[in-house]
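Notes for the one structure printed next.
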Protein chains: 2
Amino acid sequence: MFNRMQNQIPWWHGRFRGGGYRLTVARQAILNVLGKSDKHLSAEDIYLAVHKVYPAIGLTTVYRTLELLVQMKMVFKFDFGDKRARYELAEGVQGTKHHHHLVCSACGRIINYTDFIDKEIELLNQTEKGLQEKFNFKITNHIIQFYGLCDKCQKNG
Amino acid sequence: MFNRMQNQIPWWHGRFRGGGYRLTVARQAILNVLGKSDKHLSAEDIYLAVHKVYPAIGLTTVYRTLELLVQMKMVFKFDFGDKRARYELAEGVQGTKHHHHLVCSACGRIINYTDFIDKEIELLNQTEKGLQEKFNFKITNHIIQFYGLCDKCQKNG
DNA sequence: ATTGAATATGAAAACCATTATCAATAACGG
DNA sequence: CCGTTATTGATAATGGTTTTCATATTCAAT
Ligand SMILES: [Mn+2]
Ligand SMILES: [Mn+2]
Ligand SMILES: [Zn+2]
Ligand SMILES: [Zn+2]
């Protein structure tokens with residue numbers, strides 16, 4: 001359909017081959033979009049961005065690829081209360097740092113924050129340990145989101 | 001369609017009348033279901049429970065009522081990663097205590113926990129204050145969820 | 001208790017993000 | 001280059017939620 005990308009071997013090459021997955025054009029295109037963006041993209045956002053470069057890649061493949069990337073733990077999937085899932089490269093990948101989110105209930109703006117994270121993590125570890133013991137529940141990850149009004153929406157509200 | 005419930009004036013009477021809303025049979029039935037359950041019910045769960053007593057009340061009304069109750073801050077709406085929204089009486093209402101959630105990724109079980117909450121709240125207040133200043137973001141509420149495997153699913157997994 | 005205006009409801013259709021189907025295509029070891 | 005098999009794209013289907021609109025209910029004023 002089109003020639004393989006001319007890039008040097010990308011950092012994610014091994015992740016795919018090691019997992020027994022093929023390194024396809026669609027998957028690379030989707031990872032490129034995610035890697036270039038600092039936003040929290042929906043499947044359609046990603047589809048449209050990919051579409052500009054590879055018009056033949058369909059929305060179905062975007063969904064399937066995102067599902068795979070989430071399963072491979074290369075991508076986080078979020079629900080911020082609008083009706084669509086949102087995706088973001090996982091921490092560690094592309095130098096992304098662990099962070100939590102502020103979500104504006106009015107305009108949907110999403111802010112990453114890394115401040116206070118250290119103390120939060122400390123408490124989380126403590127809490128996770130306690131919960132693990134009390135409920136014998138093996139915690140694998142957590143979601144922390146603050147909802148409210150961003151600066152603009154406070155003025156306009 | 002059917003006679004008004006014979007209950008004494010319920011605690012939520014004032015909340016409705018004060019907001020300019022009518023105190024209908026459907027709304028009371030739905031609040032009764034929520035008040036009696038300690039689970040995290042979906043719209044359909046609530047519809048089925050209501051249906052046993054008032055078969056004429058439709059699913060649409062359940063959705064509309066839940067939307068209203070969330071807007072009135074009498075009910076919390078959650079997304080636990082299954083495909084449906086889940087509802088729970090808000091803290092303070094019916095003596096409900098503020099709590100966070102453990103969600104089993106395998107079987108979907110949801111556990112409320114109130115332990116560690118005090119320390120969490122303390123840190124949250126601190127964090128919220130900091131975020132408020134740094135981003136001029138007015139925080140109204142937060143979501144904290146831990147995902148993992150419950151005791152049963154660890155054995156069976 | 002009756003009335004009437006405004007709100008709330010139910011049945012059905014519409015919506016829309018996500019998934020399933022399936023024939024065609026591309027990736028890659030040999 | 002070939003053959004096997006994973007992957008893809010177009011399309012249809014799914015399913016929770018929302019919209020529509022005619023009818024019923026609530027409740028303040030009679
Ligand atoms: Mn983020
Ligand atoms: Mn709960
Ligand atoms: Zn905003
Ligand atoms: Zn479980």
Side-chain angles (χ1 to χ4, degrees), chain A residues 1-5 7 9-10 12-31 40-48 50-51 54-72 75 77-87 108, chain B residues 1-5 9-10 12-14 16-31 40-48 50-51 54-72 75 77-87 108:
Chain A
M1 187 176 302
F2 34 60
N3 294 326
R4 90 176 49 243
M5 295 190 211
N7 297 345
I9 295 174
W12 57 67
H13 183 100
R15 300 278 290 245
F16 277 93
R17 307 310 308 283
Y21 302 112
R22 293 179 180 177
L23 197 52
T24 68
V25 175
R27 286 169 182 176
Q28 301 199 57
I30 290 166
L31 273 169
H40 304 80
L41 303 175
S42 68
E44 191 183 7
D45 292 337
I46 295 167
Y47 165 72
L48 290 173
V50 166
H51 189 78
Y54 301 106
I57 293 175
L59 180 57
T60 306
T61 296
V62 173
Y63 273 108
R64 273 188 298 230
T65 300
L66 288 170
E67 184 187 13
L68 175 65
L69 292 173
V70 167
Q71 183 210 299
M72 292 172 75
V75 165
K77 180 179 184 178
F78 289 104
D79 170 73
F80 291 125
D82 57 347
K83 308 294 179 180
R84 36 184 44 77
R86 304 252 162 208
Y87 301 87
Chain B
M1 185 176 300
F2 33 58
N3 294 326
R4 90 177 48 243
M5 295 191 210
I9 295 175
W12 56 67
H13 183 101
F16 278 93
R17 308 308 309 282
Y21 301 112
R22 294 180 177 177
L23 196 53
T24 69
V25 175
R27 287 169 181 176
Q28 303 199 57
I30 290 166
L31 273 169
H40 304 81
L41 304 174
S42 68
E44 192 183 7
D45 291 338
I46 296 167
Y47 165 73
L48 291 172
V50 166
H51 189 78
Y54 300 106
I57 293 176
L59 181 57
T60 307
T61 295
V62 173
Y63 273 108
R64 274 187 296 229
T65 300
L66 288 170
E67 184 186 15
L68 176 65
L69 292 173
V70 168
Q71 183 210 299
M72 293 172 75
V75 165
K77 181 180 184 178
F78 289 103
D79 170 73
F80 291 125
D82 56 349
K83 307 295 178 180
R84 39 190 33 83
R86 303 252 162 208
Y87 301 87

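Because the structure is a prediction, the values reported are computed rather than measured. In what follows, chains carry the letters A, B, and so on, assigned in the order in which the sequence lines appear, proteins first and then strands, with residues in each chain numbered from 1.
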Next item on the list: Report the distance from atom CG of B:L41 to atom P of D:dT17, rounded to the nearest whole Å.
Entry: 13 Å
Margin query: Check for me whether the distance between the ring centres of B:H40 and B:Y87 falls short of 6.0 Å.
Written below: no
Checklist line | OH-CD1 distance between B:Y63 and B:I46, expressed to the nearest 0.5 angstrom | finding: 9.5 Å
Checklist line | Among D:dT17, C:dC22, D:dT7, the nucleotide that comes nearest once only the side chain of A:Y21 is considered | finding: D:dT7
Check: Taking atom P of C:dT18 as reference, at what distance in whole Å does atom CG of A:D79 sit?
Finding: 10 Å
Next item on the list: Find which nucleotide of DNA chain C each of A:R86 and B:L59 is nearest to by heavy atoms, and output the residue with the more 5' nucleotide.
Entry: B:L59
Note to self: At 10 degrees resolution, what angle do the end axes of the helix from C:dA1-D:dT30 to C:dG30-D:dC1 form when each is taken over five base pairs?
What the structure shows: 40°
Next item on the list: Report the distance from atom CZ of A:R64 to atom C1' of C:dT25, rounded to the nearest whole Å.
Entry: 12 Å
Checklist line | Integer-rounded Å distance: C:dT18 P and A:E44 CD | finding: 9 Å
Check: Sequence neighbours excluded, which residues qualify as side chain to side chain donor-acceptor pair (under 3.5 Å) partners of B:R64?
Finding: none
Item checked: Residues in side-chain contact (heavy atoms from CB on, under 4.5 Å) contact with B:E44, at least two apart in sequence or another chain -> B:S42, B:L48, B:R84
Checklist line | Nucleotide C:dA17, atom P - distance to OH of A:Y87 in whole Å | finding: 12 Å
Note to self: Does a side-chain N or O of B:Y63 approach OP1 or OP2 of D:dT17 to a distance below 4.0 Å, or not?
What the structure shows: yes
Using nucleotides 12-16 of chain C, report all nitrogen or oxygen pairs with the protein that are shorter than 3.5 Å.
residue: C:dA12; atom: N6; partner: B:T60; partner atom: OG1; Å: 3.3

Notebook entry, point to check: In terms of the angle between their ring planes, are A:Y47 and A:H51 parallel, tilted or perpendicular, with boundaries placed at 30° and 60°?
Noted result: tilted
Item checked: Nucleotide C:dT9, atom P - distance to OH of B:Y47 in whole Å -> 15 Å
Notebook entry, point to check: Looking at B:I57 and B:A29, what are the two nearest heavy atoms and their distance?
Noted result: CD1-CB, 4.3 Å
Item checked: Which atom of A:F16 lies closest to which atom of A:R22, heavy atoms considered -> CD2-O, 4.0 Å
Restricting both atoms to N or O, compile the protein contacts to nucleotides 2-5 of chain D shorter than 3.5 Å, with distance only.
residue: D:dT5; atom: O2; partner: A:R22; partner atom: NH1; Å: 3.1
residue: D:dT5; atom: O2; partner: A:R22; partner atom: NH2; Å: 3.2

Notebook entry, point to check: Tell me: CZ of A:R17 to C1' of C:dA27, nearest whole Å?
Noted result: 8 Å
Item checked: Any side-chain heavy-atom pair of B:Y21 and B:R27 under 4.5 Å -> yes
Checklist line | B:K83 vs B:T61, nearer the 5' end of DNA chain C by closest nucleotide | finding: B:T61
Margin query: Walk me through whether A:Y54 and A:I30 qualify under side-chain contact (heavy atoms from CB on, under 4.5 Å).
Written below: CA-CA 10 Å; A:Y54 301 106; A:I30 290 166; over 6 Å; no
Notebook entry, point to check: Any donor and acceptor pair, going by atom type alone, linking the side chain of B:T65 with main-chain N or O of B:T61 inside 3.5 Å?
Noted result: yes
Check: Counting only side-chain N and O atoms of A:R27, is one of them less than 4.0 Å from OP1 or OP2 of D:dT8?
Finding: yes
Checklist line | For A:H13, side-chain contact (heavy atoms from CB on, under 4.5 Å) partners two or more places apart | finding: A:I9, A:P10, A:R17, A:L23
Item checked: Heavy-atom side-chain proximity of B:K77 to B:R86 below 4.5 angstrom -> no
Checklist line | Any A:S42 side-chain N or O less than 4.0 Å from OP1/OP2 of C:dA17 | finding: no
Notebook entry, point to check: In whole angstroms, how far is the P atom of C:dA17 from the CG atom of A:L48?
Noted result: 12 Å
